[in-house]
2 protein chains.
Amino acid sequence: MTAKRTPFDELDRKIVAMLIENARASFAEIGTVVGLSATAVKRRVDRLRKDGVITGFRASVRPAALGWRTEAYIEVYCDSAAPPRRLAEVARKYPEIAAAMTVTGAADALLHVRATDVGHFEEVLERIRNEPFVRKTISYMVLSHLLPESPEAGASESAPGAYADGLPGDAAIML
Amino acid sequence: MTAKRTPFDELDRKIVAMLIENARASFAEIGTVVGLSATAVKRRVDRLRKDGVITGFRASVRPAALGWRTEAYIEVYCDSAAPPRRLAEVARKYPEIAAAMTVTGAADALLHVRATDVGHFEEVLERIRNEPFVRKTISYMVLSHLLPESPEAGASESAPGAYADGLPGDAAIML
DNA sequence: TTTGAAAGCACGGTGTC
DNA sequence: GACACCGTGCTTTCAAA
């Protein structure tokens, strides 16, 4: 069966789903659930990593528990002359920027920013606004999360989503 | 020493930083780096989990590799009579909603949505707009990411941030 | 399948309150 | 004495060839 080299089959789906829920699950444990030997599971995991499906294994941390208590989204409007791509350099420079992307709509880009408090956020915002190609910004402070503060927050998180076995809310999985 | 029960010391900081980079690191490996025995490391990790600092260990997955190729943010405007809190129920119902939060500004809430394609997204948007208390929505499609598609995406992710050892871009850590 | 490594657990030791 | 923390030795389980 599967002589045609299936890129991503049902077994892979289950394995990925399990690793999203618990990245420290042993190969043997995964194997008993999906009906494979530990060795076979390892081979598949290695392949999934090599193919870029699984990009890493990381601990999920509650930002607030570590002092990151302020969160905001910033719409960035750039000079018509400067490409929003230049924001990538800025985003890499500031660790407070958890995500940066170009978007449709009036703004050129959207930044997801984390800071320890409002004072810290103001300082970060000031630095961004001082970038030469930034014309204007609009900030939206996050007041409270309506979902189990998942990965979106920046950390990957628990939250037993509900898309088959995998969960977009958790790890953006289709499965 | 440390009789006063330190909530989060330098050792914890290092351990968390290592686990964010690699959730599958062995306790012994962590121990040699931070200068502790494997047993001591395990005890601290157990404590960090119990205290809710570490919320889990998860595999990071590239959403596009699994078919989630469309991403958007949706501003939601609610009826003045209905509290945006009711969005929490909606958010839990739809696995496509990766994050939902109340925000400052004109909108009542901001949703982070993932879908397989534009057609899928349209369908999700339609369901959200049909919720009785939703008055209006404005969608911002994500065109491209300017950072290594980190956790923000929904999955927790790599992206070698640069805040001391921990990285907000990665796991929103203060450390 | 086999061999070395890691996890898990009970014990004993030490310093502070 | 009552924690809270660490380390060692042992057994079971797992990973890697």
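Atom set for the values below is all heavy atoms of this structure, side chains included, hydrogens, waters and symmetry mates excluded. Naming: A, B, ... by sequence-line order, numbering from 1 per chain.
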S.K.: Strictly by modelled atom types, are B:Y73 and B:E75 linked by a side-chain donor-acceptor pair under 3.5 Å?
M.R.: no
S.K.: Identify, with sequence neighbours excluded, every residue that meets side-chain hydrogen bond (donor to acceptor under 3.5 Å, both in side chains) alongside B:R129.
M.R.: B:T137
S.K.: Please determine whether salt bridge (Lys or Arg N to Asp or Glu O under 4.0 Å) holds for the pair A:R114 and A:E71, giving the CA-CA distance in whole Å, both sets of side-chain angles, and the decisive distance to 0.1 Å.
M.R.: CA-CA 5 Å; A:R114 287 189 166 280; A:E71 186 180 1; 3.5 Å; yes
S.K.: Does A:R58 use its side chain to pair, donor to acceptor, with the backbone of B:A23 at less than 3.5 Å?
M.R.: no
S.K.: Between D:dA4 atom P and B:R43 atom CZ, what is the distance in whole Å?
M.R.: 13 Å
S.K.: In whole angstrom, give the distance that lies between atom CG of A:D46 and atom P of D:dA15.
M.R.: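 Computing the A:D46:CG to D:dA15:P distance gives 11 Å.
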S.K.: State whether B:Y94 and B:R127 meet the cation-pi test: NZ (Lys) or CZ (Arg) under 6.0 Å from the six-membered ring centroid, and within 45° of the perpendicular axis.
M.R.: yes
S.K.: Please pick, from C:dG8, D:dC5, D:dA16, the nucleotide with the shortest atom-to-atom distance to any side-chain atom of A:K42.
M.R.: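 Comparing C:dG8, D:dC5, D:dA16 against the side chain of A:K42, the answer is D:dA16.
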S.K.: Report the distance from atom CZ of B:R44 to atom P of D:dC5, rounded to the nearest whole Å.
M.R.: 7 Å
S.K.: Going by heavy atoms closer than 4.0 Å, what residues in residues 26-41 of chain B are next to DNA chain C?
M.R.: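 Result for residues 26-41 of chain B: B:S26, B:F27, B:A28, B:T39, sorted by number.
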S.K.: Which pairs pass side chain to side chain donor-acceptor pair (under 3.5 Å) with one or both residues in residues 23-43 of chain B, sequence neighbours excluded?
M.R.: B:K42-B:D46
S.K.: Using a cut-off of strictly less than 4.0 Å, decide whether A:R24 has a side-chain nitrogen or oxygen near OP1 or OP2 of C:dA7.
M.R.: yes
